[in-house]
S.K.: 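Would you mind keeping the following structure in view while I ask a few things?
Atoms within a ligand are numbered from 1 in the order they appear, just like the ligands themselves. Throughout, numbering of the chain's residues begins at 1 and tracks the sequence.
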Amino acid sequence: MHYRDFHRESIANPDEFWRREAARIHWETPFDQVLDRSNPPFARWFCGGRTNLCFNAVDRHLAARAQQNALVYVSTETGIERRYTYADLHAEVNRMAAVMRSLGVGRGDRVLIYLPMIPEAVFAMLACARLGAIHSVVFGGFAAPSLAARIDDAKPALLVTADAGARGGKVIDYTPLVDEAMARAAHAPPKVLLIDRQLAPERLNAPYLVDYEPLREQHYDVQIPCEWLESNEPSYILYTSGTTGKPKGVQRDVGGYAVALAASMEYIFEGRAGDTMFTASDIGWVVGHSYIIYAPLLAGMTTVMYEGTPIRPDGGIWWRLVEQHRINLMFTAPTAIRVLKKQDPALLRAADLSSLRTLFLAGEPLDEPTAEWISEALDKPVVDNYWQTETGWPMLAIQRGVEALPPKLGSPGVPCYGYDLVLRSEHTGEPCAQGEKGVITLGYPLPPGCMQTVWGDDARFVKTYWESVPGQQVYSTFDWGVQDADGYVTILGRTDDVINVAGHRLGTREIEEAISSHAAVAEVAVVGVNDAVKGQAALAFVVLRDANAAASPADAQKLAAALAATVDRQLGAIGRPARVHFVPMLPKTRSGKLLRRAIAALAEGHEPGDLPTIEDASALLSIREAVSAGNG
Ligand code: ATP
Ligand code: MG
């Protein structure tokens, strides 16, 4: 099949296209309308059809693959390894659903899941789907104020948590965080279900805490039927990372999501029933929702869930997992690959990677040196794919299951079927010419699987996403891109990373790219801060390959001048940062996203406020120190 025809068909004739794809899942009641476009920019898919995500992910496979592994769990934090067949998974999900029901959870209720990477998190999400409850997974380890804000937005009937998470050998107690969030929240749920991993001291003293284990025993053989939901009822709420602002509660449907994920498994991931997929992400992110849990299970695959870091006990752990579990598909973020690149290459070569077909990377730009390194080291296709919490599945990728177009370094590929993706001028809203930088937009309707609305706030959905491009009712991704003659798009950064220096609009990412082309630079973040004269000024925070290169003030000054000269050459003097600070590391979320918002706040002397969990909080400290010392 030719990609071009396939894509064109999906845009010209979405009703026909998605009617065909809908046959991938079980419909208890068939839908009577593929697409309802009566209320743009809202779209309703598979209207009148009744289905259930849990049924499609679990029950449906019992006939053919009850004894196949559905979930393989590996924790290098606790040393625990468990395997659940589809029959086991079915039993555990029933137990969890029965316990939730006994605590009053029913159709349409929200359940906030604040759990580390443990199998119970999967059971809890699928149990919600089974009951028709709406899960809202909050990344485990989020600080109490962030958790409280999400509780107040979702108003859950139940919160599910664990005694502790673990990362890099360090135990993180969850219950004090939950206690504080419960106290802060105006809409605290009546009960908190506790999965006791016995990592933290017993703290079952709060009146709302309920221990899961005895309830599980009590409901061991209870069968809970799947609640048949109309395709457009909500399945979950997931808050965006909050890299750029107040997190938005992305709401997703049931039927459209199931169909979109099942289709993506064939056309983008080339995953087949019986395959094993390892998505090294967290259930708290959209990649975890879609590609640790729902998509591989919908497709009858085995999913590998991993708790731990990529370098503990050593940098070969992921490659050994591939060998041991005969993993066929692997999916992670470029940041993890950059970490692994610093490890001994012998660790990768020592593992038998013959089962692995493809590596998928998403979440942030895949820089060329990293792409080159990993493609060569693995000698397998590496598929960069671009999407957002809002879309639920890739917008840009080489869709190898449609046509294996050649990859181009620096680009995540071409628009995925279903997405009417157009680059538009931020001033006129008109489509850009080839090679011209523009905002990446999507035409109406968004394909199945994308967000339905912002939870509880239709007006914010319309205003935020559909009214930001002048003169057009199109969805804005808030990312910049440029498209070449073959349709390949390169991501140039986020629209809110633009700063205004003396009337010139500059993308911080372009300045970053110029700086990182200097051989001494390992990583860089550029942010804009208020400047009395110029409006804004660009500050660069640079991590050096060799920290000693800027050890003396004279060296630091020389290097800063060299970096400024590099920017002058590539962008012109207007892009030159007002100051260059050398820091040991940059603050990032656990999913590897640079926290420019926090860096900018610190650079202007404020506290960063509501933040996603930072991989290493001491990174903030070093930014603060660099700013107050005024080095560089
Ligand atoms: P918030 O919207 O709350 O600020 P966020 O945008 O960081 O948070 P996500 O939805 O997790 O939250 O991230 C999606 C964004 O990540 C995209 O809009 C894009 O900026 C970036 N991104 C994702 N994949 C890629 C990729 N393959 N290449 C470049 N950038 C990517
Ligand atoms: Mg975003």
S.K.: Distance-only, no hydrogens or angles: does the Ser425 side chain make a donor-acceptor pair with backbone N or O of Thr428 under 3.5 Å?
M.R.: yes
S.K.: So between Lys248, Arg494, Glu364, whose heavy atom ends up nearest atom 15 (C) of ligand 1?
M.R.: Arg494
S.K.: What part of Trp387, side chain, backbone, both or neither, has a heavy atom within less than 4.0 angstrom of ligand 1?
M.R.: backbone
S.K.: So, for Phe541 and His581, is the gap between ring centers shorter than 6.0 Å?
M.R.: yes
S.K.: Would Asp253 and Arg44 pass as an ion pair if we require N to O under 4.0 Å?
M.R.: no
S.K.: Could you see which bit of Asp479 sits under 4.0 Å from ligand 1, with heavy atoms only: side chain, backbone, both or neither?
M.R.: side chain
S.K.: Ignoring hydrogens, just give me the one of Lys593, Gln388, Glu390, Met395 whose non-hydrogen atom is nearest atom 13 (O) of ligand 1.
M.R.: Lys593
S.K.: Determine whether any heavy atom of Asp384 lies closer than 4.0 Å to an atom of ligand 1.
M.R.: yes
S.K.: Are Tyr291 and Phe269 near enough that their ring centres are under 6.0 Å apart?
M.R.: yes
S.K.: Taking Thr335's backbone N and O only, do any of them form a donor-acceptor pair with Glu364's side chain (distance below 3.5 Å, no angle check)?
M.R.: yes
S.K.: Geometry only, no angles: is Gly363 polar-contacting ligand 1 at N/O separations under 3.5 Å?
M.R.: yes
S.K.: Against the six-membered ring of Phe478, is Arg494 placed for a cation-pi contact (under 6.0 Å from the centre, within 45° of the normal)?
M.R.: no
S.K.: If we only count N/O pairs under 3.5 Å, is Asn385 in contact with ligand 1?
M.R.: yes
